[in-house]
Amino acid sequence: MNITPFPILQSSRLVLRPIEPNDAKALFDYFSKDEVTEFYDLPTFTTIGEATALIENWQERYSKGENIRWAITLKDTPGELMGTCGFHNFAKEHRRAEIGYELNPKYWRQGIMFEALTILLAFGFNELDLHRIEAFIDPENIASRYLLEKSGLNSEGVLHGYFYEKGRFVDAEIYALLRYHYEAGKGQ
Ligand SMILES: CC(C)(COP(=O)(O)OP(=O)(O)OC[C@H]1O[C@@H](n2cnc3c(N)ncnc32)[C@H](O)[C@@H]1OP(=O)(O)O)[C@@H](O)C(=O)NCCC(=O)NCCS
């Protein structure tokens, strides 16, 4: 799905903007921490080159219409990337996409990712006209589970041995939010 020009999104505290090559240091700062990669399909980074490569990979996939990933920043400090979030695995004919996200531990438990996902869900349903937004999590990823449930997504079950990550097969729990549930929830 080609989403051009790259949309800049805002909420009361946040600005979601494109990720730039000079965000590599901020990305490395947290992707070099095991607590961030514990449930992530990436190894803990040991060089800043891995952060640069990840940015290039996101940018290349965006240019092919395969994903869109935003830098999460505070309105007062838009240059400082705190984390990222976005859509990938678009299934255009089914009007479906997957979300992914991570945040620097410095900013955990301040409602930042909840605020970012609120923006993302509104954009996905209202602007991309999606019918279904889904997320795959490690069933042990409690923070991600509560975040998704608070954001209105529901668990649809566990897919056993679904991903091969870091040399082993791991389970994945699938969460989803349907457009009509999203619209019904907005009225509450
Ligand atoms: C998952 C993650 C993005 C959550 O970000 P966050 O900004 O700390 O989440 P929020 O502060 O918006 O929290 C949303 C809800 O989830 C709950 N929550 C968040 N982290 C939690 C934790 N460690 N334990 C229990 N509940 C948690 C919060 O309590 C909150 O609900 P509440 O405000 O009603 O209490 C963050 O922990 C992270 O980056 N983890 C590592 C990367 C990762 O696992 N990404 C997802 C891969 S699927």
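If you're wondering where the values come from, they're calculated on a predicted model, not measured in any experiment. One-based numbering, in listed order, for ligands and for the atoms of each. FYI, side chains are in, hydrogens and waters are out, and symmetry mates aren't considered; it's all heavy atoms of this structure.
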Exercise. Quick one: does F136 get within less than 4.0 Å of ligand 1, heavy atoms only?
Worked result: yes
Exercise. Are the charged groups of K33 and E38 less than 4.0 angstrom apart, N to O?
Worked result: no
Seminar exercise, completed: A student checking ligand 1 against F114 at a 4.0 Å heavy-atom cut-off should list atoms 12 (O)
Exercise. Do any pairs count as a ring pair (Phe, Tyr, Trp, His ring centres under 6.0 Å) and have a residue in residues 48-68, sequence neighbours left out, and if so which ones?
Worked result: F6-Y62
For this session: Output the distance between atom CG (L147) and atom OH (Y101), rounded to the nearest 0.5 Å.
Result: 5.0 Å
For this session: Give yes if a backbone or side-chain nitrogen or oxygen of R109 is under 3.5 Å from a nitrogen or oxygen of ligand 1, and no if not.
Result: yes
Exercise. Side chain, backbone, both or neither: which part of K150 has a heavy atom under 4.0 Å from ligand 1?
Worked result: side chain
For this session: Could you pull out, from M82, E173, M113, the option with a heavy atom nearest to atom 7 (O) of ligand 1?
Result: M113
Problem set entry | N57 and R61: side chain donor to acceptor below 3.5 Å | yes
Exercise. With a 4.0 Å cut-off, would you call R17 and D23 a salt bridge?
Worked result: yes
Exercise. For atom 47 (C) of ligand 1, which candidate among I137, L103, V36, N141 provides the closest heavy atom?
Worked result: N141
For this session: With heavy atoms only and a cut-off of under 4.0 Å, state how Q110 meets ligand 1: side chain, backbone, both or neither.
Result: backbone
Problem set entry | Heavy-atom protein neighbour under 4.0 angstrom from atom 35 (O) of ligand 1 | no
Exercise. What do you reckon, does Y101 have a nitrogen or oxygen under 3.5 Å from a nitrogen or oxygen of ligand 1?
Worked result: yes
Problem set entry | Note: K75-E80 ion pair, threshold 4.0 Å (strictly below) | no
Exercise. Charged N to carboxylate O under 4.0 angstrom, R13 versus D76?
Worked result: no
